[in-house]
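A short write-up of the structure that comes next.
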Amino acid sequence: MSQNEKQGFNRRGLLKGTAAIAVATAIGTLAPFNLAQAADKIKVGLMLPYTGTFTALGNAITNGFKLAVEERGGKLGGREIEYFVVDDESNPAKAPENANKLVQRDKVDVIIGTVHSGVAMGMAKVIRESGTLWINPNAGADQVTGPLCAPNIFRTSFSNWQTTHALGKVLKAKGHKNAVFITWKYAAGEQMMEGFKEGFEKEGGKLIKELYVPFPQVEFQALLTEIASIKPDAVVAFFAGGGAAKFLKDYQAAGLKGKIPLYGSGFLTDGVLDAVGDAGEGVETTLHYADGLNTKKDNAFRLAYAKTYKLQPDVYAVQGYDAGQLLAAGLEAVKGDVSKKAEMIKAMETAKIDSPRGSFTLSKAHNPVQDMYLRKVVGKESKVQGVAWKALADPARGCKM
Ligand code: BEZ
């Protein structure tokens, strides 16, 4: 990466800005030019799934982000926001083309996206080459804040590794000696499996089987039959959105609920409990958000979200809200002047985000350092049971920044 890119400048943007200033200076209009620029809206690209199994997640992130903007009077750093929206369909094959629609066609100042790890990987090349500011409000691909880390890449959610690593300690404390992991066959599932395996084996546990279904399929029957015959001490799962709801119902229908305890990263139960009857009851998960935190910030956020959208927020809404808060921190530091990119990045890197999950800071690789809660489904909530791991930082393997 060039020195300019490290400082948050990309060559195209720098040349454009330099040429414009030269012209403005030559015709003696530098002050009006700056004023006109300040009056323009900040262009925010939302690249999220608005169709398919992760639709609800994309909508919750959008709602959360817009709530953070509305709480600031509809302006960030003194400038209004204009949205450019792309439905990425959770389709990795279309990710570069979709990211380019926002970068090349719409010339956005910042991209907020996405949910699916494979799509995030497809976006990363476009983002790194263009130098466009990127705030990732969900997709956990470890690489994004690992080998692909860059000054213009930020995440307000988690790395996949982070979400399951603390489960090893949890299972050990329950006396489970072995476990089976079941998930979708793609980066998020595989990396959450690896995060769990590392944590569980450090505690002396053994992961005895990895079971996969292709994304976004939800045909679990054959694998549930296999689990019944293996009879592990515990099952650990990653599914999310519509797939998580179907898995919880199928686990119960297969007669496994109450026989083999079910655990997971918290996506297994967040935002799906209204759809599953009592199939989620008692399921324990780890995540950086939980119901029942009962803090001033979380209570205020939940009330504002419920009033605005007539919906209860979930972890995805929190991550979108915090993407808005992080962008606000950057834009406020430069009074909305996005050409001061290095200054803006510095402010974002050093921000302490007052999140509904609890306040957090970013690691050197721009990933949240955050508490991982142990949660248990009670009725329609994933109720906090305690902190499973305090201030867990992703190892950021391969990040050179
Ligand atoms: C992912 O693909 O990174 C992901 C999707 C949904 C929930 C959590 C992670």
Side-chain angles (χ1 to χ4, degrees), residues 47-62 64 87-95 98 112-124 134-146 148 153-167 181-196 212-218 236-248 263-273 285-290 313-320 322-323 357 367-368 370 372 375 382 394:
M47 179 163 160
L48 290 161
Y50 295 108
T51 51
T53 198
F54 289 159
T55 303
L57 288 60
N59 287 333
I61 289 167
T62 305
D87 174 11
D88 70 31
E89 305 166 39
S90 295
N91 185 343
K94 292 188 185 167
N98 281 330
I112 309 298
T114 186
V115 166
H116 185 286
S117 277
V119 176
M121 298 290 291
M123 295 169 75
W134 176 22
I135 304 179
N136 174 351
N138 187 77
D142 291 343
Q143 297 92 325
V144 167
T145 53
L148 297 178
I153 297 180
F154 288 82
R155 182 152 56 192
T156 56
S157 51
F158 54 86
S159 72
N160 289 324
W161 178 94
Q162 261 179 325
T163 64
T164 45
H165 192 65
L167 273 174
F181 200 101
I182 179 166
T183 186
W184 277 310
K185 181 92 185 146
Y186 81 105
E190 289 165 334
Q191 292 173 353
M192 288 188 205
M193 184 280 296
E194 285 297 342
F196 167 70
Y212 295 103
V213 284
F215 178 87
Q217 284 182 25
V218 290
V236 183
F238 160 64
F239 294 105
K246 171 82 165 41
F247 180 77
L248 289 173
Y263 299 86
S265 50
F267 312 108
L268 190 60
T269 62
D270 248 62
V272 304
L273 294 176
T285 57
T286 47
L287 203 65
H288 49 287
Y289 187 57
D314 53 20
V315 68
Y316 310 106
V318 170
Q319 294 166 172
D322 290 339
R357 74 188 85 171
N367 190 65
Q370 54 195 341
M372 286 290 150
R375 310 119 46 92
S382 296
D394 178 78

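One-based numbering, in listed order, for ligands and for the atoms of each. The structure presented is a predicted model; accordingly, all values stated were derived computationally and were not measured.
A distance of 6.0 Å separates CZ of Arg357 from OG1 of Thr156, quoted to the nearest 0.5 Å.
With sequence neighbours excluded, the residues satisfying side chain to side chain donor-acceptor pair (under 3.5 Å) with Trp161 are Glu198. The side chain to side chain donor-acceptor pair (under 3.5 Å) search around Tyr263 returns His176, not counting sequence neighbours. Applying the side-chain contact (heavy atoms from CB on, under 4.5 Å) rule to Ala187 yields the partners Ser117, Gln191; only residues at least two apart in sequence or on another chain are considered.
Tested against Phe267, the residues Phe239, Phe54, Phe158 include a single ring-ring contact (aromatic ring centres under 6.0 Å, His included) partner, Phe158.
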message: Using side chain to side chain donor-acceptor pair (under 3.5 Å), reason through Thr145 and Ser159 one step at a time and then give a plain yes or no.
response: CA-CA 8 Å; Thr145 53; Ser159 72; 5.6 Å; no
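Within 4.0 Å of ligand 1, counting heavy atoms only, the contacting residues are Phe54, Leu57, Val115, His116, Ser117, Asn138, Ala139, Gly140, Phe158, Asn160, Tyr186, Ala188, Met192, Phe238, Ala240, Phe267.
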